[in-house]
Amino acid sequence: MTSPSAPVVATGYPWPIETTRLDNGLRVVVSEDRTAPVVCVNLWYDVGSRHEPVGQTGFAHLFEHLMFEGSQHVAKTEHMRLVQGNGGSLNATTNPDRTNYFETMPAEHLELALWLEADRMGGLVPALTQETLDNQREVVKNERRQRYENVPYGDAWLRLLALLYPEGHPYHHATIGSMEDLNAASLETFKAFHQQYYAPNNAVLTVAGDASPAEVFALAEKYFGLLEPVASIPPAPSAHLPGPATSPVRETVTAAVPAPRLYLSHRTHQFGTAGYDAITVLAAVLGNGRGSRLYQRLADGARIAQPDYIGSYGVDLAHAPAPLIITATAKDGVSVETLEEGLSEVIASLVTEPVTPEELSRAKALLTTAWWRQVSTVGGRADTLSRYATQFGDAAAAGYRLPQWLAVTADDVTEAAAYALKPESRVTLTYLPESNGESA
Amino acid sequence: MTLIATRPDPGDARPYTFPDLQRVTVAGGTVIGAHLPGQALASAMLLLDAGAARESAGREGTATVLAKSLEEGTAERDSAAYAIALESLGAELSPGVDWDTFRVGVSAPVPQLLDAVRLAAEATRTPRLDPADVNRVRDDEVTALRMDWAQPGPRADAALRADLFGAAERFGRPMHGDPASVAAVEVDDVLAFHQAWFRRPGVLLVAGDLETLDLAALGEAAFAGTGGEPLAAEPPLGVPVRAERRIILVDRPGSVQSTLRIGHRAPERATPDYVAMTLAATVLGGAFTSRLNHLIREVKGYTYGIRGSYAMSRRFGRFEVAAGVQTAVTVPAIVDTLGEIARTEEFGVTEDELAVARSWRAGQLSVEMQTPGSIVGALSTLVVHGLPDDYYATLRRQYLETSLAEVSAAAAAHLRSQGLTLVVEGDAAVIRDELVAAKIGEVVDSEI
């Protein structure tokens with residue numbers, strides 16, 4: 001068995017990247033790879049739930065659903081039928097920062113995918129009907145029930161955001177929105193939403209896979225080139241925060257959950273900064289894998305935490321200090337106080353017991369695998385390039401992330417912990433079962 | 001006009017290719033490698049003929065406890081040293097069991113794969129299985145199952161399985177056991193399972209850049225110290241279906257959705273109707289534009305999503321529709337679902353619907369097979385079901401060429417709308433009376 005030496009990686013993106021910008025402001029990124037006869041078309045719109053005003057929570061995500069319901073030259077239900085009916089996979093997601101749309105197709109259907117995306121970028125409003133809105137509102141309310149309300153601990157993320165970010169901050173409310181706001185959504189609001197944000201100069205189009213830059217640039221010009229830019233797109237409300245919180249916050253929820261669980265969370269740094277790279281490595285040292293400090297000390301060592309439900313991870317938000325979330329679930333007979341004490345000690349140890357070379361190289365090895373897994377598909381690559389083009393103005397900056405993770409030192413991790421993980425800046429969300437002895 | 005009104009025609013179709021396969025026989029076992037040039041990661045999977053079907057009655061979950069015990073230390077090192085050795089390669093072990101096989105998967109950057117496979121083999125072939133550790137893992141697994149069973153779904157799944165296959169039969173019990181059966185697992189059960197089924201070489205599957213990877217060395221690492229002949233296959237179980245529909249109500253007080261699991265038995269994976277059945281199920285409940293998703297989600301707004309499919313293993317299969325629907329519309333959603341199943345059974349599918357299903361299934365063979373992990377999964381299907389190396393090219397052709405008449409005939413033969421078991425997991429106090437009044441079938445309460 002050889003011990004791996006520190007990996008040397010010059011770039012995390014060894015494929016070619018070509019970019020252009022159409023006259024209407026649409027940025028186009030192409031990453032050619034002829035290995036497989038598939039191509040991914042990915043669009044990032046720089047609009048997410050952080051743009052939603054009071055009373056309109058959940059609108060960016062509900063709007064994402066409407067984008068699949070037909071546009072000027074695409075009948076209702078035809079979008080899905082054309083993509084799947086030509087062999088493709090498709091989806092879209094909305095988060096606080098942005099909304100993305102993507103389809104991976106057999107390569108001969110590249111032009112179809114671009115036509116579909118252009119039609120819903122430029123021609124959604126004429127196709128939008130009250131019937132469609134009413135239907136998709138019900139679908140989204142069922143999504144909320146299924147993902148957040150009907151599962152134990154399902155509302156943890158909704159609660160954490162409200163505790164981490166002050167009232168009025170763009171990250172204070174969750175992307176899924178409230179039932180009240182969804183019920184109040186009017187057709188006119190969505191028409192205005194589209195005209196405001198779904199503009200070529202507010203989007204990045206990335207194509208990765210079996211297609212050449214010249215071909216994609218010409219098709220982008222053909223299908224998107226005549227769309228009008230929008231003159232003044234209002235920015236999201238200010239996301240400025242002075243730094244980590246200065247006083248601790250606690251919330252305890254008694255609910256139909258099978259065991260006590262804790263979520264400890266801190267605001268850290270913005271995604272894309274050196275500070276957040278250190279937090280990413282810290283999260284892996286602390287809570288990724290069986291060799292992590294949390295697992296070794298609380299699941300394997302003290303045996304107070306359930307081994308399947310312990311870990312830590314950052315949520316990669318780019319417009320304000322992003323959350324680090326640390327979670328553990330008590331083993332049978334272990335009190336939530338004991339568990340919290342254990343978690344607090346392990347978190348504090350990141351400052352008092354410097355990270356060892358073995359811990360650092362283990363964390364970096366896991367992050368390296370995770371990075372290569374993310375870019376192992378044309379879909380993963382296209383989404384990564386769209387992100388870096390949207391958030392940092394440079395698709396090629398995607399290549400720096402892995403080397404920057406690998407450059408993080410033990411001192412960087414200690415410093416990040418000392419800055420961001422102070423007990424006085426902590427959000428503590430506790431779930432307790434309604435009654436003892438409740439069976440499944 | 002700023003938009004192009006005319007939908008573009010497709011470009012020239014690229015030829016379909018599945019990665020080139022290489023087979024190496026070494027140290028008594030077989031290695032199958034798929035060449036993926038240029039991938040930074042590689043995946044390997046050791047496939048053992050040690051599925052959940054081999055567990056003893058009342059001890060369902062034994063193989064799962066064994067899977068979770070493999071990393072609790074080996075003959076060479078304790079659990080902490082093992083975790084650090086493996087994770088320092090960027091690798092994580094994913095041992096798991098299904099009805100037909102026990103699988104130990106591992107992925108790592110290409111230069112680290114051999115060391116990762118050595119460690120995977122060390123855990124698989126020579127786990128320490130200290131009794132105190134096995135007991136603790138068993139207790140943790142009972143807790144983890146209770147956590148899982150607090151979610152909507154697992155209880156409904158168990159109720160459906162018990163009704164279709166018989167609660168006393170292994171195939172009528174959950175694949176990973178239930179909290180009671182796992183609690184009954186003893187250290188000796190785990191040791192005996194390892195002793196009985198983990199000593200044959202099995203098959204090692206590898207996907208990655210074969211110009212760098214040494215398949216023989218990987219095989220020697222995986223098969224060291226093993227021996228014995230492959231086990232004989234056992235016969236399929238048959239396809240009995242209920243004479244009348246039955247509703248099983250699983251109470252989940254306060255639930256804001258009802259979880260539906262609706263199904264009946266179906267043929268095993270080797271059935272000659274496999275492709276036609278898959279296409280029929282794609283039209284009914286597989287694609288986004290399927291009959292079920294269109295009606296229940298896109299027209300009625302009852303659900304976030306509904307799916308219908310056949311799942312088939314070596315010895316049996318089943319048809320199942322799964323969805324979560326808003327509590328207040330539980331009965332209308334069931335009535336509409338039954339209507340679509342019955343319509344598909346009786347009248348088959350249309351050419352337009354079939355065209356979508358054919359192209360989607362064929363295209364997915366390229367679109368969803370890009371990564372080493374997905375290719376290893378595809379290789380495992382070849383091994384488990386005895387399919388030839390050129391199978392995926394053949395399957396693609398069959399998807400594209402199977403006729404409307406064949407697909408409609410498969411729907412008629414393998415959908416049994418009158419013999420369905422309907423499990424409804426939801427707030428019984430709210431939905432029971434309406435369910436009874438709907439006269440869909442006899443309503444019984446689940447004991448799960």
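In this text the structure is predicted, and so the values were computed from the model without any measurement. Numbers restart at 1 for each chain; the letters A, B, ... are given by sequence-line order, proteins then strands.
Looking only at heavy-atom pairs under 4.5 Å with chain A, the residue among D148(B), V356(B), T289(B), V367(B) that has the most is V367(B). Ranked by heavy-atom pairs under 4.5 Å with chain A, the list T143(B), I84(B), D9(B) is led by T143(B). Between chain A and the options Q370(B), E141(B), R14(B), E87(B), the largest number of non-hydrogen pairs under 4.5 Å is found for E87(B). Most heavy-atom pairs under 4.5 Å with chain B, from the set K331(A), R144(A), R147(A), M121(A): that is K331(A). Of the residues considered (V139(A), N150(A), L366(A)), N150(A) shows the highest number of contacts with chain B, using heavy-atom pairs under 4.5 Å. No other option in Y16(B), F288(B), Y302(B) has as many heavy-atom pairs under 4.5 Å with chain A as F288(B). Heavy-atom pairs under 4.5 Å with chain B were tallied for S71(A), G88(A), G209(A); the largest tally goes to G88(A). The choice from G225(A), A36(A), A363(A), G289(A) that makes the most heavy-atom pairs within less than 4.5 Å of chain B is G289(A). The greatest number of non-hydrogen atom pairs below 4.5 Å with chain B, out of S89(A), G122(A), P37(A), is found for S89(A). Ranked by non-hydrogen atom pairs under 4.5 Å with chain A, the options R358(B), E72(B), K300(B), R361(B) are led by E72(B). Contacts with chain A were tallied for Q151(B), R136(B), E92(B); R136(B) has the most, counting heavy-atom pairs under 4.5 Å. Most heavy-atom pairs under 4.5 Å with chain B, from the set M80(A), R137(A), K76(A): that is M80(A).
Between N86(A) and P10(B) there is no side-chain heavy-atom pair separated by less than 4.5 Å. Contact annotation: the side chain of E108(A) never approaches that of D12(B) to less than 4.5 Å [non-hydrogen atoms, C-beta and beyond]. Side-chain contact between T35(A) and L36(B): absent, with no pair of heavy atoms (C-beta onward) separated by less than 4.5 Å. Put simply, the side chain of K68(B) reaches to within 4.5 Å of the side chain of D308(A), judged on heavy atoms.
The existence of a salt bridge linking R146(B) and D332(A) is confirmed by a sub-4.0 Å separation between a basic side-chain nitrogen and an acidic carboxylate oxygen.
Heavy atoms of V74(A) lying under 4.5 Å from chain B are absent altogether. Looking at D33(A), there are no atoms closer than 4.5 Å to chain B (heavy atoms on both sides), in backbone or side chain. In this structure, chain B has a heavy atom under 4.5 Å from the side chain of L82(A), while its backbone stays farther away. Neither the backbone nor the side chain of E103(A) has a heavy atom closer than 4.5 Å to any heavy atom of chain B. Contacts between A91(B) and chain A at a heavy-atom distance below 4.5 Å involve the backbone alone (N, CA, C, O). Heavy atoms closer than 4.5 Å to chain A are found in the backbone of V299(B), but not in its side chain. Proximity to chain A (any heavy atom under 4.5 Å) is shown, for Q364(B), by both the backbone and the side chain. For H65(A), the part lying near chain B is the side chain, with the backbone staying farther off; criterion is any non-hydrogen pair under 4.5 Å. Only the side chain of E69(A) comes within contact range of chain B, with heavy atoms under 4.5 Å apart. Only the side chain of T329(A) comes within contact range of chain B, with heavy atoms under 4.5 Å apart. Contacts of P15(B) with chain A are made by backbone atoms alone, with heavy-atom separations under 4.5 Å and no side-chain atom involved. For S374(B), no part lies near chain A; criterion is any non-hydrogen pair under 4.5 Å. There is no contact between A362(B) and chain A, counting heavy-atom distances below 4.5 Å. With a threshold of 4.5 angstrom between heavy atoms, D134(A) does not approach chain B through any atom at all. E143(A) touches chain B through backbone and side chain together, each having a heavy atom under 4.5 Å away. Using a 4.5 Å cut-off between heavy atoms, M105(A) contacts chain B through its backbone alone, with no side-chain atom that close. Proximity to chain A is limited to the side chain of D140(B), based on heavy atoms less than 4.5 angstrom apart.
Minimum interatomic distance between L3(B) and D119(A) (heavy atoms only, all atoms of both residues): CD1-OD1, 3.6 Å. Heavy atoms only, all atoms of each residue included: W115(A) and T6(B) are closest at NE1-O, 3.4 Å. Looking at every heavy atom in both residues, Y309(A) comes nearest to A144(B) through OH-O, 3.9 Å. Smallest separation of non-hydrogen atoms from P106(A) and G363(B): CG-CA, 4.1 Å. A pairwise comparison of heavy atoms in E138(A) and G301(B) identifies CB-O, 3.5 Å as the closest pair.
Interatomic distance, CD of Q84(A) versus OG1 of T282(B), reported as 9.5 Å (0.5 Å rounding). Atom CG of D300(A) sits about 8.0 Å away from atom CG of D133(B), to the nearest 0.5 Å. If you take OG on S88(B) and CD on E359(A), they are separated by 10.5 Å, rounding to the nearest 0.5 Å. Going from atom OG of S107(B) over to atom CZ of R373(A) covers 5.0 Å, rounded to the nearest 0.5 Å. Rounding to the nearest 0.5 angstrom, the gap separating the CZ atom in R7(B) from the CD atom in E111(A) is 12.0 Å. To the nearest 0.5 Å, the span separating CD on Q374(A) from CG on L41(B) amounts to 11.5 Å.
The 12-atom threshold is exceeded at CD of E351(B), counting heavy atoms of other residues, nucleotides or ligands nearer than 6.0 Å. More than 12 heavy atoms of other residues, nucleotides or ligands lie within 6.0 Å of CG in D78(B), so this atom counts as buried by the packing criterion.
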Apply side-chain contact (heavy atoms from CB on, under 4.5 Å) to the pair M147(B) and Y153(A), showing each step before the final yes or no. CA-CA 11 Å; M147(B) 299 285 292; Y153(A) 320 105; 3.6 Å; yes
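Side chain of T369(A) to backbone of G90(B): a donor-acceptor contact under 3.5 angstrom is found. No donor-acceptor pair closer than 3.5 Å links the side chain of W372(A) to the backbone N or O of P109(B). Looking at R145(A), its side chain never comes within 3.5 Å of a backbone N or O of Y304(B) through a donor-acceptor pair. One N or O on the side chain of N135(A) and one on the backbone of R297(B) form a donor-acceptor pair closer than 3.5 Å.
Side chain to side chain, E298(B) and Q136(A) meet the donor-acceptor criterion of an N or O pair below 3.5 Å.
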